[in-house]
Number of protein chains: 2
Amino acid sequence: MKNETLKLENQICFKIYTAEREITKLYRELLKELNVTYPQYLVLLLLWEKHSLTVKELGQRLFLDSGTLTPMLKRMEMNGLVERKRSEQDERSVIVSVTEKGNALKEKAECIPNQLVDNIPMGKEELSTLNETLTSMLEQLQNQTK
Amino acid sequence: MKNETLKLENQICFKIYTAEREITKLYRELLKELNVTYPQYLVLLLLWEKHSLTVKELGQRLFLDSGTLTPMLKRMEMNGLVERKRSEQDERSVIVSVTEKGNALKEKAECIPNQLVDNIPMGKEELSTLNETLTSMLEQLQNQTK
DNA sequence: TAAAATTAAATTGTGTACAACTTAATAACT
DNA sequence: AGTTATTAAGTTGTACACAATTTAATTTTA
């Protein structure tokens, strides 16, 4: 038992670590045409819904801090996908909003979820079980590491 | 019907992306004492088993390429955890072996899997379901992105 | 209301990841 | 054997991710 626990094959954490990179790799292919990365795509998903959000709000939803978001949003701004401007109500906040160009990507992105499903064929039941497990796992983790 | 599946897949990908970072964060805490990162810990896990492996073999097991491994192994070498030397049989290969100091960390690391389990309390059955799901998912993904 | 505390971004520094490319060594082939 | 192809590491450049710190604005509170 003791020796087994230090074995890689037995570790779910390693599989999640690996799965994350494989999923990112898959998205990289699918997103190549849009010229955005997976994290950038996540930002766009939110902005397509809400049009504009502060850096803080983006961070809360994506669980990323300004150290990650600021340079990423600058890159997106440079590519013309978003605009950044200080809030007038609170000069500490920066409001990020999606541009015309950023919005135009939405249509191109419509097919991505479908392509994803094609690449990860799983039963509906298995999918929801996985979803539930990950959800509760995340809750636990986010309580621990907060 | 289909739309739900699509949403779910998207959510699952995001949750895996998030879970990976939370797990890494948790490991960061646990590994702080050993002064290694999670990927470095993975290398050590392999070297504690086999004592020495080539960069290629490490890459095959961890699904990482030399672009990631070479600088990481250099850092580990600088910290005295591993040694790197060219194979004499095949000068293209570099053999990575764990040092005394690297081996000494094994004892300190024994408790880590247990601490991890304490932080992610999950039923035994749920764990093995998750393990199986991730395993088959990984197979699919690694076929697609190869 | 002036000082202290808090907050939101930005900055700095370190460490992955990975695509694309280079270099050197070995293997395969003509 | 000599050329070509393949292979293993290393290198370069880009993009996260995050800890720790800094800066500026807003709240809190004494």
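So you know, we letter chains A, B, ... as the sequences are listed, proteins then strands, and number each from 1.
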* To do: Test B:Leu73 against B:Leu58 for side-chain contact (heavy atoms from CB on, under 4.5 Å), laying out the working first.
  => CA-CA 10 Å; B:Leu73 293 169; B:Leu58 286 171; 4.1 Å; yes
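The hydrophobic cluster containing A:Leu141 does not contain B:Val117, counting ILVMFWY residues as joined when their side-chain heavy atoms lie under 4.5 angstrom apart, directly or transitively.
Listed in residue order, the members of residues 52-60 of chain A having a heavy atom less than 4.0 Å from DNA chain D come to none. Annotation: proximity of residues 81-94 of chain B to DNA chain D (heavy atom, distance under 4.0 Å) is found for B:Arg84, B:Arg86, B:Arg92, B:Ser93, B:Val94, numbered in ascending order.
Between A:Lys32 and A:Ile95, it is A:Ile95 whose nearest contact on DNA chain C lies nearer the 5' terminus.
For the atom pair A:Asn119 CG and B:Glu9 CD, the distance stands at 9.5 Å (nearest 0.5 Å). Here A:Thr18 contributes atom OG1 and B:Leu42 contributes atom CG; the two are 8.0 Å apart, rounded to the nearest 0.5 Å. Residue B:Ile112 holds its CD1 atom at 6.0 Å from CG of B:Leu30, rounded to the nearest 0.5 Å. Residue A:Thr135 holds its OG1 atom at 7.0 Å from CG of A:Leu138, rounded to the nearest 0.5 Å.
For the residue pair B:Glu132 / B:Ser128, no side-chain donor-acceptor distance below 3.5 Å is found, with atom types taken as modelled. No side-chain N or O of A:Thr129 forms a donor-acceptor pair with one of A:Glu125 less than 3.5 Å apart.
Within a 6.0 Å sphere centred on CD of A:Glu110, heavy atoms belonging to other residues, nucleotides or ligands number more than 12. Within a 6.0 Å sphere centred on CD of A:Glu77, heavy atoms belonging to other residues, nucleotides or ligands number more than 12. The number of heavy-atom neighbours closer than 6.0 Å to CG of B:Asp118, taken from other residues, nucleotides and ligands shown, is above 12.
Side-chain N or O atoms of B:Arg21 include one that pairs as donor or acceptor with a backbone N or O of A:Phe63 at under 3.5 Å.
Where the helix from C:dT1-D:dA30 to C:dT30-D:dA1 starts and where it ends, the local axes point in directions that differ by 10°; five pairs per end, rounded to 10°.
Using cut-offs of 30° and 60° for the angle between ring planes, the B:Tyr38 and A:Tyr17 rings count as perpendicular.
Nucleic acid contact class of B:Lys74 (heavy atoms, under 4.0 Å, all strands): sugar-phosphate only.
The two residues B:Leu130 and A:Met137 make their nearest non-hydrogen contact at CD2-CE, 3.8 Å.
Atom P of nucleotide D:dT7 and atom CG of B:Leu69 are separated by 19 Å, given to the nearest angstrom.
Extent of DNA chain C lying under 4.0 Å from chain A heavy atoms, first and last nucleotide in 5' to 3' order, is C:dT7 to C:dA19.
For A:Ser87, the side chain to side chain contact (heavy atoms under 4.5 Å, CB included) partners two or more places apart in sequence, or in a different chain, are A:Gln89, A:Asp90, A:Ser93, A:Ile95.
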* Structure fact -> 5' to 3', nucleotides 12-17 of chain D under a 4.0 Å protein heavy-atom cut-off (B base, S sugar-phosphate only, - none) gives ---SSB
